Amino acid sequence: ISTHSVSGVSSSSKYFQTSRRVYNGLKDFGREFIDQELFNQSLDDWILENYGVDQVTGEQPFLKPPFLTDELRKLDLALEGVLFQQLFRMPCSPLASKSEKEDGYHALEDFLHVIVNGLWRTFWRKSGPLPFSLCCFHHPGSKFYAVEKAISRGRLEELRGLALISKNGNNLKVHWNQVVELVLFRQNILSGNELKLSVSTICEALFYGVHILISRCLSKSRTISNDSVFIMVFDSKFGAVIKLGGDLSKLELNTGDPYQSVSHWIKCHAEVLLSSVETIWNRLGNANWGDLGTLQVLLAAFYSIVQCNGPPRKSISSLASAHSLRLQKRRIECRLAENENAKIPYQQDGYQHGEIVELDHSDNPLVKNTSHLKLRQGEILLLEDQQQGQKSFQIQESFIGGNYFLYGAISLDYPTQLLTLYVGAHPSRLEPSWEDMSLWYQVQRQTKVLNILKHQGVSSKYLPEVIASGRILHPGPCKKQSPSGRCDHPWCGTPILVTLPVGEPLSYIVARDGPFSSDDALRCCRDCLVALRSAATASVQHGDISPENIIRVFNMQGTRHKVLYIPVSWGRAVLEDRDSPAINLQFSSSHALLHGKLCPASDAESLVYLLFFVTGGRMHPQDSIESALQWREKSWATRSIQQHLGEVSPLLKAFSDYVDSLCGTPYPVDYDIWVKRLNRAVDGSGSADRGKMIEEVAMTLRLENVAESSGTSGGGT
């Protein structure tokens, strides 16, 4: 259990030692402290001052969150493989009607039961009865009822929420000192249109929190720690966690106004911690398990159970530590599956397919030197290309791009043109990893895709071109037995891909220079559509359109088109139905996120998200496919993407509307009409022939004449 004072159970927890006089005084105080409206009036100004970021100064709120981000991450890892399944769905609309409110309480009860049962079985005991129950309540001090009983008695409208109750042997009578944690269920917990709690919601939570702490202090058994309590607040979509703690011995009992007394205690002596408001249930009424909102609820429930039942048998840290073992197992499973489904299956030379071979790790030199090949500026790289023979390249600069190694290099035969050089993973690496798979896509498969485009006659200045590809030739003697074999040298067999042109990724440009202008955005859209149209003629879809995979190139030979935007990183391209695109929570199409496949308009949809990003559109980081799909659904439904792009260019707004009509359908994108329209906007040319000339250009640059300018058909740049 964390000993952090913010979220863990305090190690210095002390019971409020009460004499008979103080006990009676506290009991009378609790009886008088019953009017929530008076309590709200005494505290709402203080909450307004301390909750939320100051819009003028930008200062952070005084009321801090109850959990550290690392604690939530660790809990997420610890609960890997634990099944949380809510069967009752939460109503999607606000709880306006009686039937919806009934369904809401059933869903909330099921949600909390799943949480408590899952935590208890995971951390405390796998079998045996659950030492908790869930009951509903009307007001502080009221009796507790089962949800079904409250509904049958017609008291649904009076209910304020649910309480997790610690069972007390065979005693069926439930008291407020047995409340482990409290859950308030309201029609709306938000403050207007802002994603934060309303003042009335916070006040109500603190009002019940004070009552629970007083009840625990008055309890003779004191089975639950009385120094803090967690209160959860929910509506039919959102939820948050509030923690109230403090020393009640500092509460002034002899004042004539109990509300001012409690207000003063909260302001001066208590600790109030508020979590962020997060989405708990999606539009289908299913809980977003594993998302930030449910993790906050899970951790609050965990610490509440610790307060009542003591430390668990298995700690969060011990279960989270097994994540690395599970991750390694999954990596091996995925690598094996990839090798089984690959057109060119992975197989170690010298071993029969399916044979199990025992390796002596201590004697294998490759194990001792399994780091990826890293090149320094000025180094000479000798490449063996099966088509062109041996080629020499000199490293000029290094770009570390995510999970693959990317360099700027020149050919020693034609040293005037800078080229892009990708270094792949050594095929003999014994430990499979996602990094190796990313390198495989960037080098081996991208080489395959670009060669397919080339062999089918698809060439354009808006597409990258393969200059050379093959395997590195290492210094010293090579003992490989065949041209396709490998020797024991750690460099031998490392794949290399050299392409043209070299440019800056849009992600770097936007971070450095800010949002694109209207002209730049239109040109970027036009250039990318031309590239996608060219690839579509060979039935190829890019599958990974994102700011990292679009580069800006300055074409110094031309007078009209000095800037080109070129899609690169074609390794995740989709050639046939069984191919899977990359999954990018911010830029992948909705169809790709839902089905792991592309629809004909997926690349165009990703391009719309890219244009939204580069023109200054606000894109929140997504942490799950569910949240990413929710953002897309909301953005298209409210037309926020179209409205933003409309402020940049009416043509981009029209294009986004067109893509919206195609998303998820089997209908292809009419690239021709949109390229013609964008040509007129970018170049000011009304000639369709002129537009066609610019759109489709045969790139004549090859390695043998790399020093010459790239030619175009019909007098283009």
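Everything numeric in this text was worked out from a predicted model, so none of it was measured.
Residues P600 and V669 are not in side-chain contact: their nearest non-hydrogen atoms beyond the backbone lie 4.5 Å or more apart. Taking the side chain as every heavy atom from C-beta outward, W289 and L79 never approach each other to under 4.5 Å. The shortest distance between side-chain heavy atoms of P547 and L610 falls below 4.5 Å. F587 has its side chain out of reach of I545: every pair of non-hydrogen atoms, C-beta onward, lies at least 4.5 Å apart. Looking only at side-chain heavy atoms (C-beta outward), D103 and F88 stay at 4.5 Å or farther from each other. Using a 4.5 Å heavy-atom threshold, the side chains of L585 and W631 count as separate. Put simply, the side chain of S656 does not reach to within 4.5 Å of the side chain of D660, judged on heavy atoms. Looking at heavy atoms from C-beta onward, L529 lies out of side-chain contact with Y462 at the 4.5 angstrom threshold.
Atom-to-atom distance recorded for S627:OG and K634:NZ is 12.5 Å, nearest 0.5 angstrom. To the nearest 0.5 Å, atom CD1 of residue I467 and atom CG of residue L383 are 12.0 Å apart. In this structure, CG on L678 lies 10.0 Å from CD1 on I673, to the nearest 0.5 angstrom. How far OG of S590 is from CG of L629: 6.0 Å, rounded to the nearest 0.5 Å. I115 CD1 to L298 CG: the interatomic distance, rounded to the nearest 0.5 Å, is 4.5 Å.
The side chain to side chain donor-acceptor pair (under 3.5 Å) analysis of residues 610-621, with sequence neighbours excluded, yields the pairs T615-H644. Sequence neighbours left out, the pairs with a member in residues 516-543 that pass ring pair (Phe, Tyr, Trp, His ring centres under 6.0 Å) are F516-Y565, H542-W570.
Looking at E278 and S276, their side chains do bring a donor and an acceptor atom within 3.5 Å of each other. No side-chain N or O of S569 forms a donor-acceptor pair with one of E548 less than 3.5 Å apart.
A cation-pi contact, defined as under 6.0 Å to the ring centre and within 45° of the axis, links R632 to Y609.
Not one N or O on the side chain of D385 forms a donor-acceptor pair closer than 3.5 Å with the backbone of A468. A donor-acceptor contact shorter than 3.5 Å links the side chain of N451 to the backbone of T447. Remark: side-chain polar atoms of D579 are paired, donor with acceptor, to backbone N or O of E576 under 3.5 angstrom. For the pair Y422 (side chain) and T499 (backbone), a donor-acceptor distance under 3.5 Å is absent. Between the side chain of Q541 and the backbone N or O of C599 there is at least one donor-acceptor pair closer than 3.5 Å. Side chain of S649 to backbone of L645: no donor-acceptor contact under 3.5 angstrom is found. The backbone N or O of A573 sits less than 3.5 Å from a side-chain atom of R445, completing a donor-acceptor pair. At least one donor-acceptor pair closer than 3.5 Å links the side chain of D603 to the backbone N or O of G543. Listed for the D291 side chain is no donor-acceptor partner under 3.5 Å among the backbone atoms of G293. Using a distance-only test at 3.5 Å, with no hydrogens or angles considered, no donor-acceptor pair links the side chain of K454 to the main chain of V449.
A salt bridge is absent between D519 and R523; no separation between the charged side-chain nitrogens and carboxylate oxygens falls under 4.0 Å. The pair D657-R639 meets the salt-bridge criterion, with a side-chain N (NZ, NE, NH1 or NH2) lying under 4.0 Å from an Asp/Glu carboxylate O. Using a cut-off of 4.0 Å between Lys/Arg side-chain N and Asp/Glu carboxylate O, R526 and D683 are scored as salt-bridged. Between D672 and R533 there is a salt bridge, since a side-chain N of the basic residue sits under 4.0 Å from a carboxylate O of the acidic one.
The heavy-atom pair separating V443 from V423 by the smallest distance is CG2-C, 4.0 Å. Here the shortest heavy-atom pairing between L593 and S588 reads CD2-CB, 4.0 Å. A601 and L662 make their closest contact through CB-CB, 3.8 Å (heavy atoms, listed as atom of the first residue, atom of the second, distance). Across all non-hydrogen atoms, the minimal contact from V553 to I566 is CG2-CD1, 3.9 Å. Heavy atoms only, all atoms of each residue included: N288 and T294 are closest at O-OG1, 2.8 Å. Taking every heavy atom of both residues into account, L453 and A538 meet most closely at CD2-CB, 3.9 Å.
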Q: For the pair L450 and E465, evaluate side-chain contact (heavy atoms from CB on, under 4.5 Å) and give the outcome as yes or no after the intermediate values.
A: CA-CA 7 Å; L450 295 180; E465 184 192 18; over 6 Å; no
(Q) One pair to check against side-chain contact (heavy atoms from CB on, under 4.5 Å): D577 and K597. What are the steps and the verdict? (A) CA-CA 8 Å; D577 289 340; K597 301 291 180 182; 5.9 Å; no
**Q.** Verdict with reasoning, H591 to L598, per side-chain contact (heavy atoms from CB on, under 4.5 Å)
**A.** CA-CA 6 Å; H591 196 83; L598 298 186; 5.8 Å; no
Q: Check the pair R552, F554 against side-chain contact (heavy atoms from CB on, under 4.5 Å), reporting the backbone distance first and the verdict last.
A: CA-CA 7 Å; R552 185 178 68 181; F554 289 96; 3.7 Å; yes
